[in-house]
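Computation of the quantities below employed the complete heavy-atom set of this structure, encompassing side-chain atoms and omitting hydrogens, waters and symmetry-equivalent molecules.
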Amino acid sequence: RKEVEQDPGPFNVPEGATVAFNCTYSNSASQSFFWYRQDCRKEPKLLMSVYSSGNEDGRFTAQLNRASQYISLLIRDSKLSDSATYLCVVNVRGAQKLVFGQGTRLTINP
Amino acid sequence: GAVVSQHPSRVICKSGTSVKIECRSLDFQATTMFWYRQFPKKSLMLMATSNEGSKATYEQGVEKDKFLINHASLTLSTLTVTSAHPEDSSFYICSARVEDRGSGGYTFGSGTRLTVV
């Protein structure tokens with residue numbers, strides 16, 4: 001079983017739609033959670049950290065359910081510029097390294 | 001903010017030759033750097049953790065004699081792909097943790113696209 005699992009997509013949605021991504025992690029010792037965005041042929045960039053209380057940054061909302069080991073990302077009022085691959089990323093307690101999910105590719109259509 | 005500079009951004013080499021990729025932390029000291037490989041439409045897979053002044057820690061299945069890592073200073077880590085073959089063609093990315101930013105403080109190099117012909 002993969003440590004971090006995501007639906008690879010692709011998701012094709014019209015501009016203005018709301019999109020939700022899900023992610024599950026297998027290691028109960030995971031302590032830090034992130035969503036990264038990666039554009040084609042570029043390095044990943046931090047979109048937002050994910051906290052147990054849930055957090056919001058503009059049109060983006062992230063949720064964490066530790067009991068279910070489940071992470072989500074919601075994008076509201078999607079823009080063309082949101083087209084990218086979204087990576088669910090986990091850091092395990094005591095380890096410095098990040099573990100990446102396979103990514104979910106999103107295309108926003110005009 | 002913290003920047004990791006990675007070079008070259010793109011390289012094409014012949015089978016059997018070696019290629020060196022450099023990652024430099026420009027405005028901070030990185031005692032640890034991480035080297036990832038990413039195949040098309042796949043996620044980043046950690047290859048090894050580079051530790052300044054000591055041996056790198058390789059992930060299972062990664063050949064340490066083929067992917068040589070050197071982290072001789074607090075600002076430079078290098079990955080050398082030795083005797084490269086076409087199956088080594090991939091996108092290689094380094095990353096460093098910025099200590100004063102908590103768990104969210106990982107910064108990535110811009111990546112190196114290696115093509116072995």
Checklist entry - Between R113(B) and F91(B), is NZ or CZ placed under 6.0 angstrom from the six-membered ring centre and within 45° of the ring axis? => result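 Checked: cation-pi criterion met.
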
Q | Of D82(A), D77(A), T18(A), the residue whose pairing with R59(A) passes side-chain hydrogen bond (donor to acceptor under 3.5 Å, both in side chains) | A |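 Going through D82(A), D77(A), T18(A) one by one, the side-chain hydrogen bond (donor to acceptor under 3.5 Å, both in side chains) with R59(A) is satisfied by D82(A) alone.
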
What part of [X] gets closer than 4.5 Å to chain B, counting heavy atoms only: side chain, backbone, both or neither?
X	value
K42(A)	backbone
R41(A)	both
Q6(A)	neither

Of E59(B), Q6(B), K42(B), M45(B), the largest count of non-hydrogen pairs under 4.5 angstrom with chain A goes to E59(B)

Which label fits Y86(A) and F21(A): parallel for a plane angle under 30°, tilted from 30 to 60°, or perpendicular past 60°?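 Rings of Y86(A) and F21(A): tilted, as their planes differ by 30° to 60°.
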
Do Y106(B) and N91(A) have side chains that approach each other closer than 4.5 Å (heavy atoms only, starting at C-beta)?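 Yes, their side chains come closer than 4.5 Å.
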
**Message:** Taking the ring centre of each residue, are Y36(B) and F100(A) less than 6.0 Å apart?
**Reply:** yes

If one checks every heavy atom of L46(B) against chain A at 4.5 Å, the contacting part turns out to be side chain

